[in-house]
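A short worksheet on the structure shown next.
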Amino acid sequence: MNSSGPTLASAPAHDKPVIDRRAVAIGLGIAGVSVAAAALVRFVGAPIREPDAAAQTTRLIRFADGPEGSILVVDTISGRTLAQWAGERGFERGALRALSRERKRRKLPLEEPFELIGRSDGRLTLVDPSTGERLDLESFGPTNAQVFAQLLRAP
């Protein structure tokens with residue numbers, strides 16, 4: 001009896017590499033051209049965002065601390081409270097934090113109003129006139145933008 005057991009057949013050698021080198025070279029070339037094009041656009045300062053449509057509705061609003069950690073949204077012109085945001089409200093708080101950060105950095109008053117702009121194409125923009133910072137709210141999805149759109153429709 002042969003105690004060495006069965007022998008395994010060796011796998012046939014491949015003549016071609018498993019990965020086609022031409023495909024890799026083409027893929028790397030496309031990636032390189034894309035990165036170079038993006039760098040060129042940034043370097044020459046070409047606009048990378050779509051131009052704003054005309055403002056259809058504008059409201060000056062300010063945000064204040066409300067009871068139990070809520071946020072009061074106040075119409076600056078009338079002084080009316082448009083909304084009271086209670087609870088976590090992650091998106092709303094994050095948007096305000098992003099705009100307030102620049103005010104704090106420049107040591108500007110935090111009480112100054114923000115401008116909420118409803119555009120003719122349905123897009124919404126929250127602008128800080130004191131710093132020039134802006135948030136294109138539709139970029140965060142329709143559910144998040146809807147929270148601010150309701151402020152434009154409030155009486």
Side-chain angles (χ1 to χ4, degrees), residues 16-155:
K16 288 188 166 184
V18 176
I19 298 173
D20 185 5
R21 291 182 185 182
R22 286 177 291 170
V24 171
I26 291 171
L28 289 173
I30 290 171
V33 168
S34 298
V35 169
L40 180 64
V41 166
R42 291 299 236 177
F43 180 73
V44 299
I48 56 173
R49 49 186 293 291
E50 187 175 320
D52 290 330
Q56 190 173 21
T57 309
T58 301
R59 180 168 255 170
L60 291 175
I61 55 177
R62 66 179 176 79
F63 301 94
D65 293 329
E68 299 179 19
S70 65
I71 300 172
L72 300 176
V73 184
V74 179
D75 182 302
T76 304
I77 304 299
S78 69
R80 287 191 322 256
T81 298
L82 303 173
Q84 181 175 348
W85 294 337
E88 192 169 319
R89 307 300 287 230
F91 172 70
E92 294 87 341
R93 289 182 189 276
L96 298 178
R97 205 173 296 118
L99 292 174
S100 297
R101 185 179 310 121
E102 187 62 22
R103 284 184 179 186
K104 287 178 184 177
R105 190 181 76 73
R106 295 183 189 186
K107 297 182 171 99
L108 297 172
L110 298 176
E111 306 80 31
E112 293 297 315
F114 293 92
E115 187 176 19
L116 181 60
I117 305 167
R119 303 199 179 275
S120 60
D121 61 0
R123 294 169 49 208
L124 290 170
T125 309
L126 184 60
V127 177
D128 183 352
S130 61
T131 65
E133 295 289 314
R134 61 182 281 147
L135 291 176
D136 294 316
L137 297 169
E138 75 281 350
S139 300
F140 300 98
T143 304
N144 289 324
Q146 184 62 26
V147 172
F148 284 91
Q150 291 171 356
L151 299 175
L152 287 176
R153 292 190 294 268

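Throughout, residue positions are numbered sequentially from 1 according to the sequence presented. What you see is a predicted model; the values in this text were computed from it and never measured.
Side-chain atoms of Gln84 and Val74, non-hydrogen and from C-beta on, never get closer than 4.5 Å to each other. Within the 4.5 Å cutoff, side-chain heavy atoms of Arg89 are placed close to those of Val147. A heavy-atom distance below 4.5 Å is not found between the side chains of Leu135 and Leu124. Under the 4.5 Å side-chain criterion, counting only non-hydrogen atoms from C-beta, Ile77 is in contact with Leu60. Within the 4.5 Å cutoff, side-chain heavy atoms of Leu151 are placed close to those of Ile61. With a 4.5 Å cut-off on side-chain heavy atoms, Leu116 and Leu152 count as touching. Between Arg134 and Ile117 there is no side-chain heavy-atom pair separated by less than 4.5 Å. In this structure the side chain of Leu108 reaches within 4.5 angstrom of the side chain of Thr131, judged on heavy atoms.
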| request: Could you walk me through whether Phe114 and Leu99 pass the side-chain contact (heavy atoms from CB on, under 4.5 Å) test, one step at a time? | output: CA-CA 9 Å; Phe114 293 92; Leu99 292 174; 3.6 Å; yes
| query | Run the side-chain contact (heavy atoms from CB on, under 4.5 Å) check on Ile71 and Leu96 step by step: do they pass? | reply | CA-CA 10 Å; Ile71 300 172; Leu96 298 178; 4.1 Å; yes
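With respect to Asp121 and Arg123, a salt bridge is recorded, a charged nitrogen being found less than 4.0 Å from a carboxylate O. A salt bridge does not link Asp128 to Arg106: none of the charged nitrogens lies less than 4.0 Å from a carboxylate oxygen.
The aromatic rings of Phe148 and Trp85 stand perpendicular to each other, their planes meeting at an angle above 60°, with 30° marking the opposite boundary.
Remark: the backbone N or O of Ala83 is not paired with any side-chain donor or acceptor of Thr81 at under 3.5 angstrom.
Phe91 contributes atom CZ, which lies 10.0 Å from atom OG1 of Thr143 (distance to the nearest 0.5 angstrom). The distance from the CG atom of Leu82 to the CG atom of Asp75 is 5.0 Å, given to the nearest 0.5 Å. Here Leu137 contributes atom CG and Arg119 contributes atom CZ; the two are 10.5 Å apart, rounded to the nearest 0.5 Å.
Defined by atom type and a distance below 3.5 Å, a donor-acceptor pair is missing between the side-chain atoms of Gln56 and Ser120. Ser130 and Arg103 share a donor-acceptor pair across their side chains, judged by distance under 3.5 Å alone.
Of all non-hydrogen atoms in Thr76 and Pro113, the two that sit nearest each other are OG1-CB, 3.4 Å.
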